[in-house]
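A short write-up of the structure that comes next.
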Number of protein chains: 2
Amino acid sequence: MNMDKTVRDPDMPPNETSDISKARLRAWLQILKVSRKIEGELREKMRLEFGSTLPRFDVMAALYRSRDGMRMSELSSALMVSNGNVTGIVDRLVTEGMLVRVPVENDRRASIVRLTEAGEKDFAERALVHEGWVSELFSDLSASDADALIRILRTVYHHNEAHHD
Amino acid sequence: MNMDKTVRDPDMPPNETSDISKARLRAWLQILKVSRKIEGELREKMRLEFGSTLPRFDVMAALYRSRDGMRMSELSSALMVSNGNVTGIVDRLVTEGMLVRVPVENDRRASIVRLTEAGEKDFAERALVHEGWVSELFSDLSASDADALIRILRTVYHHNEAHHD
DNA sequence: GAAATTTATTTCAAGCATAAAATATTTGGG
DNA sequence: CCCAAATATTTTATGCTTGAAATAAATTTC
């Protein structure tokens with residue numbers, strides 16, 4: 001683990017920043033640029049092809065993985081978004097007939113959300129198309145670069161997981 | 001340039017996807033995960049330390065680079081967001097006294113947005129602190145990994161720039 | 001030079017996202 | 001049992017974001 005993050009070069013004036021710091025900032029700005037570009041492309045395709053949105057796709061994806069359904073709180077922590085946010089997205093998906101809320105035995109506070117049959121069918125189709133879009137948007141990414149990218153980003157992610165010190 | 005993106009292995013059933021396609025999807029999901037995590041951390045810091053937001057920071061950053069100011073349309077294309085979006089953010093920054101709108105000579109449709117003196121001063125301070133936050137969040141990222149990341153993401157970005165075919 | 005088109009910006013409606021407050025229910029002492 | 005604390009979820013207020021429509025001014029075309 002890098003422990004140098006707060007150590008300053010004594011030769012450096014306090015209003016300047018190190019080269020490594022600038023390299024990391026550039027890396028972050030590049031991540032941001034790519035993720036916004038790709039997200040924008042995917043959002044547009046979702047809207048035009050399916051009349052839907054990425055957040056709804058994400059909720060359905062999480063539920064597709066756990067066929068028994070999930071609680072609202074499980075959903076919001078799996079997707080790393082706020083509780084209130086999930087409430088709204090689930091509401092819309094219920095209206096569309098993609099999801100149902102099922103009461104939980106012995107806990108009247110909670111409810112479990114599940115894909116309907118229609119929701120499952122729709123998602124299965126959309127997921128395949130979605131993977132095709134992503135593969136096309138990333139068609140210049142070789143297998144080895146994909147692996148390198150994943151490795152590097154995992155290190156970054158794990159460093160920032162939980163442990164708010 | 002990879003031209004294979006639409007070629008399917010004839011041995012593969014049409015409802016399955018290739019390994020490279022799955023690797024690219026994993027890479028994309030990892031990018032998304034990291035960028036959301038980091039963006040969340042930075043948003044919180046911005047709010048707590050400066051009572052401000054990332055979109056406002058981004059607008060001020062763009063204007064800091066071009067001291068003569070920018071038109072609304074220049075701003076929105078530099079930040080790659082919609083015109084209407086910029087209108088709202090600029091409105092708030094004007095209210096805060098960070099920005100001014102200056103009419104353009106010979107074109108009464110347009111206006112130029114500039115940082116005020118206070119805006120310039122505030123941004124200079126915030127930018128340094130911001131760089132420190134980023135460097136800390138990415139403190140596990142070595143110089144060589146930062147370079148590798150930037151190189152890989154640049155290829156992805158350039159492939160998706162403009163040329164909507 | 002009037003009409004049609006293009007360009008620059010704003011407004012609008014809808015959805016996404018957060019933080020904080022509110023509501024409802026369950027659980028854990030005393 | 002009662003009540004305080006914890007838990008699950010929704011509601012509210014605010015801001016960001018988009019796409020589309022509206023407004024206004026400049027440019028082009030006839």
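Letters go in sequence order (proteins before strands), and every chain restarts at 1.
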For A:R43 and D:dA20, what is the distance between atoms CZ and P respectively, to the nearest whole Å?
13 Å
Report yes if at least one side-chain N or O of B:R47 is closer than 4.0 Å to OP1 or OP2 of C:dA20; otherwise report no.
yes
Starting from P on D:dT27, measure out to CG on B:N106 and report it in whole angstrom.
9 Å
is_close_aromatic(B:F123, B:F57), centroid dist under 6.0 Å
yes
May I ask you to test the B:L115-B:L99 pair for a side-chain heavy-atom distance under 4.5 Å?
yes
Tell me: CD of A:E44 to C1' of C:dG15, nearest whole Å?
17 Å
Which part of the nucleic acid does A:L54 contact within heavy-atom distance under 4.0 Å: base, sugar-phosphate only, or nothing?
nothing
Taken to the nearest whole Å, CE/A:M80 to P/C:dT18 is 10 Å
Quick check for you: among C:dA19, C:dT18, C:dG15, whose closest atom lies nearest to any side-chain atom of A:V81?
C:dT18
Under 4.0 Å, counting only non-hydrogen atoms across every strand here, what does A:R36 touch: a base, just sugar-phosphate, or nothing?
nothing
Using a distance-only test with no angle check, is there a side-chain donor-acceptor pair under 3.5 angstrom linking B:S135 and A:R24?
yes
Can you see whether A:S76 engages A:N83 through a side-chain donor-acceptor pair at a distance of less than 3.5 angstrom?
yes
For residues 59-69 of chain B, which side-chain N or O atoms pair as donor and acceptor with protein atoms under 3.5 Å away, sequence neighbours left out?
from	atom 1	to	atom 2	distance (Å)
B:Y64	OH	B:R67	NH2	3.4
B:R67	NE	B:Y64	O	3.0
B:R67	NH1	B:E120	OE1	3.3

Any chance you could list the contact pattern along nucleotides 7-12 of chain D? Use B for base contacts, S for sugar-phosphate-only contacts and - for none, protein heavy atoms under 4.0 Å, 5' to 3'.
BSBBB-
